[in-house]
Number of protein chains: 2
Amino acid sequence: MRGGGAVRSGEALAVSQASRVSMQEVADRAGVALSSVSRVVSGHRDVSPVMRERVLRVVADLGYEPDILARSLRRGQTMTVGFVVGNIANPLLAEIALGAETRLREAGYAMLLANSMDDPALDSAHIRLFRQRRVDGLLLSLTDDRDPDLAAELARANVPAVLVDRDAARYPGVAAVLYDHASGGERATEALIELGHTHLALINGPPASRPARERASALRRVLRRHPEAAGLVRSGAFSAQHGESTMASLLAQDNEAVPTAVIAGSNQILVGVLRALRRANVIIPKDLSVVTCDDQPLSELFDPPLATISRQPHELGEVSAELLLEQLNGGPARSVVLPTSFRPTESCAPPRQPARRRRGGGG
Amino acid sequence: MRGGGAVRSGEALAVSQASRVSMQEVADRAGVALSSVSRVVSGHRDVSPVMRERVLRVVADLGYEPDILARSLRRGQTMTVGFVVGNIANPLLAEIALGAETRLREAGYAMLLANSMDDPALDSAHIRLFRQRRVDGLLLSLTDDRDPDLAAELARANVPAVLVDRDAARYPGVAAVLYDHASGGERATEALIELGHTHLALINGPPASRPARERASALRRVLRRHPEAAGLVRSGAFSAQHGESTMASLLAQDNEAVPTAVIAGSNQILVGVLRALRRANVIIPKDLSVVTCDDQPLSELFDPPLATISRQPHELGEVSAELLLEQLNGGPARSVVLPTSFRPTESCAPPRQPARRRRGGGG
DNA sequence: ACCGGCGATGGAAACGATCTCAGGCAGACA
DNA sequence: TGTCTGCCTGAGATCGTTTCCATCGCCGGT
């Protein structure tokens, strides 16, 4: 019975029979020592041309492939990097992951991916697991960059790490790639004030996240320079729900307190904000000016296109990988700051008058 | 000099000194055999309570952690799964990856991620690399599910694999999770025809991709039942550029040939389509009815909200992982089909008259 | 002709775990 | 009290590499 099936292609035979061929088998078949095969395969040291060819022929014949696991154990490096990410379904993080993975692969590294679902405990757990898997380095987009447990886990890992748009202050010797959220945020705030807005609102992410912190302080800094304007910051999750409920509550205030311009701290938040606006029949930019933060190619598709505090996530990923590679090659933990910019559009306009809708057609 | 720095926390001392402690050291320190430590740590067999406690105490003292690499080498399984994905920046794939990673992690597996950038050669390369890394299983969202090289690579890998929304016909013994794109596609097509549309267009992805193939045949099937209507399919990349140029060329036709309803084969394509429409001052749904395919939470934010042929990518990811786990646990390669649905909105309306714009304010 | 040096090769010890196998010791039963 | 059974424990082989070390042959120098 066994082996009775029709064999479609001849060459596949040898391969499909042997489930896995080891270096020893290659050595035996070639009549050389195991160590010589290793030297040829890993191209490490002086090997005579005749030996090289002899071994390579058998390698090809048997379809030998090195076992990276065994190699890693012996060499003490796995050529693997762990990426801990809040939620890969976040388009921004996905783009970062893409940039990083691409660069790491070029350098011969593979990337382990773990989602921590915005749970700091999972962040720590993943770092621990990655450590046990002996990753050579870590890329971390942490939920809370001030978590002390995490600092301990990270220190124990004792491998190079790069924080991705997270504050590295608590993690000595750890590199970071940071966006200069302040510059984009300040420019956006100033643009709105120049348009005449005096009631600004920032519907923000959680203070545990650096981007949220930076944007909030940028807003406050600008407002301090402009006593004629006032602004408020509403912190919460990077979620549509936070955006929606916060926007709704802002609209439900006394007329003169309703902001005339709002900055959404992420695309997720934006989604909620837009939902609330639609329900309340608020028209952009007639009734409210809107700025969003994540630069998705989608923002230009709205009508009007949305003004955006933008960044290049793909570049962020690449730079993160680059910094990690530098450390993996023995370099120091260098940090980098990438710029953000403000792209104004017709979604921002001068305020017409203190809002006076909110009992419109909606629910 | 060395060690002269202030030590912040006492307990961190022991840990940070020893870069890595092995099972042998635990055994020595506990005065027991290496194999006994192994039994305790892996909780494998009968160990006396006194032995257990003695070992665990030393484990805690030294901060011992098992080396998964060595364990994998010995056990012959790495508890690692490789996920080959076209482009993780595609929100649909990211959501799938999230679902899969979550489920796999629950089962103790880690996930290696590789982007093949819509290049079949990279698909093969990644499978080969994953094989050398001895992954226990593969999740594959292939660029071209009809690539023969790939079938060979896959056969050599000799591990369970699950195709993610890709045709498994060429890969004997490989499981697949498939969307029933036909049902959603047919329902959408029928809905448009019922509204009175007779000129339909499907701006589609590449025929190498199963979803694109399925939707095209669904459209054709429905048209065959409705001789009064005609439709055309334009294949191309899943890209905004394809969507934009194709939509523009459709609009540039003779008036009576311009479709009155268009289905975008992906969100990327939709982006291009909307760009072209805006440039040509085409109003949805007055001038053109639009349906899109990927179910992003964003579609509801357009004005009007876009009708969608929708699916649950998170569920797809979970199910893919589940099927892979079944095989990893010795089960058969089972395949599953998930439903798709059509969600109509005001972006679809009866056609007013053969299009008569196209010299509007645009470019 | 002898010896030092060098390049290529083979043998064997790691890397850090798992797991089989054999032996020791205690309890039970006759 | 002797023997058998059965649970624990320890020793050692093993997974597939890399890499150190010793060896061997060859060449040039004197």
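Each chain gets a letter, A, B and so on, in the order the sequences are listed, and its residues count up from 1.
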*Check every strand shown and say whether Glu65(A) touches a base, only sugar-phosphate, or nothing at a heavy-atom separation below 4.0 Å.*
sugar-phosphate

*asked:* Using a 4.0 Å heavy-atom cut-off, does Val32(A) contact any base of the nucleic acid, only the sugar-phosphate backbone, or nothing at all?
replied: sugar-phosphate

Of all the choices, [options], which nucleotide is nearest to the side chain of [X] once you look at every atom?
X        : options                  : answer
Leu73(A) : dC15(D), dT9(D), dC15(C) : dC15(C)
Arg71(A) : dA17(C), dT9(C), dT17(D) : dT17(D)
Ser48(A) : dC15(D), dT9(C), dT17(D) : dT9(C)
Met51(A) : dT9(C), dT17(D), dG16(C) : dT9(C)
Val47(B) : dT9(D), dC15(C), dT17(D) : dT9(D)

*Kindly write out the residues that satisfy side chain to side chain donor-acceptor pair (under 3.5 Å) with Glu322(B), not counting sequence neighbours, or none if the list is empty.*
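With sequence neighbours excluded, Glu322(B) shows a side chain to side chain donor-acceptor pair (under 3.5 Å) to Arg103(B), given in chain and number order.
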
Taking N or O atoms only and anything under 3.5 Å, show me the protein contacts with nucleotides 11-13 of chain C, one pair per line.
unit_1: dG11(C); atom_1: N7; unit_2: Ser35(A); atom_2: OG; d: 3.4
unit_1: dG11(C); atom_1: O6; unit_2: Ser35(A); atom_2: OG; d: 3.4

*Taking only residues two or more places apart in sequence or in another chain, which ones pass salt bridge (Lys or Arg N to Asp or Glu O under 4.0 Å) with Asp67(A)?*
Arg134(B)

Could you tabulate the donor-acceptor pairs under 3.5 Å formed by side-chain atoms of residues 123-130 of chain B, not counting sequence neighbours?
unit_1: Asp123(B); atom_1: OD1; unit_2: Ser116(B); atom_2: OG; d: 2.6
unit_1: Asp123(B); atom_1: OD2; unit_2: Thr143(B); atom_2: N; d: 2.8
unit_1: Asp123(B); atom_1: OD2; unit_2: Thr143(B); atom_2: OG1; d: 2.9
unit_1: His126(B); atom_1: ND1; unit_2: Leu122(B); atom_2: O; d: 3.1
unit_1: His126(B); atom_1: NE2; unit_2: Arg105(A); atom_2: NE; d: 3.1
unit_1: Arg128(B); atom_1: NH1; unit_2: Glu153(B); atom_2: OE2; d: 2.4

*asked:* Enumerate the salt bridge (Lys or Arg N to Asp or Glu O under 4.0 Å) contacts for residues 69-87 of chain B, please, sequence neighbours excluded, ordered by first and then second residue.
replied: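 Sorted result for residues 69-87 of chain B: empty, none.
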
*Please round to 10 degrees the angle between the axis of the first five pairs and the axis of the last five pairs in the helix from dA1(C)-dT30(D) to dA30(C)-dT1(D).*
60°

